[in-house]
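First comes the structure, then the notes that go with it.
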Amino acid sequence: MGHTELINGRIFDIQGFSVHDGPGCRTLIFFKGCSLECAWCSNPEGISRSPEPLYRHSKCTFDGRCVNACPYGAISLSNNGEGDQLTFNRSICVECTSYICSKACLSGALNIGGYTISVEDLYTRIKRDRQFWGDGGGITLTGGEPLIQPEFARDFLKRCYEAYIHTAIETCGNVPWENYKMTLPFIDWIFYDLKTMDESKHHHFTKNHMKQFNHSPVALILENARRIAREFSGRLVFRMPVIPGFNDDNKNIDATAHFIQSTGRNEINILPLHHLGREKYSLLEKKYSMTDLTIPSKDELRKIAHQFSSLGITCYAGSETPF
Ligand code: SF4
Ligand code: SF4
């Protein structure tokens with residue numbers, strides 16, 4: 001048995017025909033688990049490393065089939081006077097290996113987000129898309145944070161790289177340098193998130209799920225960015241989600257531009273906040289806290305892009321990155 005056949009990883013989605021996350025037409029692979037948890041995240045099902053129940057209340061018939069099927073008693077059915085209510089003890093679900101609750105559900109109200117897949121099975125799956133990529137396309141690892149599963153990411157990227165498939169990753173920067181070191185030789189393109197230069201704002205708007213390893217995500221993110229800029233020979237494009245009141249002020253744009261200059265690279269792609277992931281929070285019984293934030297207008301994005309340009313940084317707004 002080859003080495004790659006031994007590695008399994010966890011993903012939660014595969015999407016073909018993407019034209020925004022790297023050159024040409026691409027297949028995106030969404031890795032499960034993230035070392036940060038940003039308040040505006042549009043893929044909240046990518047935060048936990050474990051597969052988890054996605055429950056759609058509006059489809060539920062409250063027949064209790066899932067309650068009876070769960071071997072761990074993780075679901076309870078109650079009535080609070082205003083109607084039936086299903087409640088999950090998700091700390092139990094984290095340890096689950098059966099996920100039998102979703103198989104018992106006949107109404108489509110209960111699904112499991114995330115699954116385990118081997119490098120070989122994932123490679124076989126994405127190879128089917130190859131005919132649609134054309135000359136410039138390929139695969140992009142996203143998530144979640146792909147490098148939170150470094151061995152799986154490395155072996156899968158290597159498998160693609162050796163088959164002359166163009167490889168890209170989107171990364172938040174908040175992982176040990178070692179995880180980059182082992183994957184960089186098999187990557188052609190990196191989108192690297194720079195959320196804010198301000199440690200206290202970073203702390204306020206993102207949860208650091210790697211506290212045991214690092215207490216200062218911003219310092220680690222910047223240090224990894226410097227090293228990638230030095231050691232990675234492919235294209236490195238920084239990315240910044242524009243979040244009003246968090247990172248769109250002049251001081252932060254200036255600091256971000258000066259940091260990029262100091263790395264010797266000069267490209268950033270700014271992406272406006274959107275609320276498209278809001279509904280997924282309810283499937284996870286989580287609260288989406290950014291509802292009241294206004295989405296930045298095209299003019300506001302242009303103003304930020306102009307500020308970056310005036311400081312010598314090439315800035316692409318939205319989907320304008322030339323690939
Ligand atoms: S995921 Fe597992 S533990 Fe959680 S409700 Fe379903 S069967 Fe029970
Ligand atoms: S099995 Fe499905 S429809 Fe029945 S109570 Fe559970 S989630 Fe609702």
Side-chain angles (χ1 to χ4, degrees), residues 6-15 28-39 41-119 121-122 125 141-153 156 207-212 275-289 291:
L6 298 172
I7 301 281
N8 285 335
R10 282 177 173 169
I11 63 173
F12 63 93
D13 203 3
I14 298 174
Q15 288 175 11
L28 310 184
I29 299 127
F30 292 80
F31 277 51
K32 197 93 169 79
C34 192
S35 52
L36 288 178
E37 183 173 349
C38 303
C41 181
S42 57
N43 290 325
E45 74 277 43
I47 303 294
S48 166
R49 297 181 190 216
S50 307
E52 58 202 318
L54 302 177
Y55 171 60
R56 196 177 294 274
H57 182 271
S58 60
K59 279 191 168 183
C60 185
T61 60
F62 304 100
D63 58 13
R65 290 175 58 90
C66 57
V67 180
N68 296 329
C70 174
Y72 309 109
I75 316 178
S76 49
L77 183 55
S78 59
N79 190 313
N80 61 5
E82 290 175 15
D84 291 322
Q85 189 87 21
L86 212 60
T87 314
F88 294 82
N89 183 337
R90 288 174 182 267
S91 63
I92 296 177
C93 299
V94 166
E95 306 291 334
C96 186
T97 51
S98 86
Y99 311 112
I100 201 165
C101 56
S102 70
K103 294 186 189 102
C105 179
L106 302 178
S107 72
L110 187 53
N111 293 294
I112 298 295
Y115 56 96
T116 300
I117 191 165
S118 69
V119 167
D121 286 350
L122 182 56
R125 163 62 191 84
L141 307 189
T142 180
E145 166 54 56
L147 297 193
I148 210 166
Q149 303 180 63
E151 289 87 7
F152 178 62
F156 178 66
K207 283 185 200 155
N208 178 13
H209 290 299
M210 290 229 317
K211 273 202 195 87
Q212 76 288 4
H275 297 306
L276 300 176
R278 179 170 30 196
E279 205 201 331
K280 296 186 200 168
Y281 283 78
S282 68
L283 302 182
L284 292 161
E285 301 166 287
K286 283 184 173 177
K287 190 171 158 19
Y288 179 62
S289 60
T291 307

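Note that the structure is a prediction, hence the values are computed from the model and not measured. Atoms within each ligand, like the ligands themselves, are counted from 1 in listed order.
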Can you tell me how far the [atom1] atom of [X] sits from the [atom2] atom of [Y], to the nearest 0.5 Å?
X	Y	atom1	atom2	answer
L86	C66	CG	SG	4.5 Å
F30	T142	CZ	OG1	5.5 Å
N111	E45	CG	CD	12.0 Å

Taking [Y]'s backbone N and O only, do any of them form a donor-acceptor pair with [X]'s side chain (distance below 3.5 Å, no angle check)?
X	Y	value
E37	I47	no
R56	G108	no
K32	G144	no

So E82 and N80, side-chain hydrogen bond (donor to acceptor under 3.5 Å, both in side chains) or not? Walk me through it.
-> CA-CA 5 Å; E82 290 175 15; N80 61 5; 4.7 Å; no

Examine the proximity of ligand 2 to V67 and report which part, side chain or backbone, both or neither, has a heavy atom under 4.0 Å away.
-> neither

To the nearest 0.1 Å, how far is [atom] from its closest protein heavy atom, and which atom is that?
atom	value
atom 8 (Fe) of ligand 2	C60 SG, 2.3 Å
atom 6 (Fe) of ligand 2	C66 SG, 2.3 Å
atom 3 (S) of ligand 2	S107 OG, 3.2 Å
atom 4 (Fe) of ligand 2	D63 OD1, 2.1 Å

Can you establish whether the number of heavy atoms outside K286 located under 6.0 Å from its atom NZ is more than 12?
-> yes

Is the distance from atom 2 (Fe) of ligand 1 to the nearest N/O/S atom of C101 under 2.8 Å?
-> no

Nearest-option assignment for atom 2 (Fe) of ligand 1, heavy atoms, candidates C96, P71, C105 | C96

Using a strict cut-off of 4.0 Å, indicate which atoms of ligand 1 neighbour a heavy atom of [X].
X	value
C70	3 (S), 5 (S), 7 (S), 8 (Fe)
I100	7 (S)
Y72	3 (S)
I75	5 (S)

Run the numbers for me: atoms of ligand 2, each under 4.0 Å from some heavy atom of R65, listed by number.
-> 1 (S)

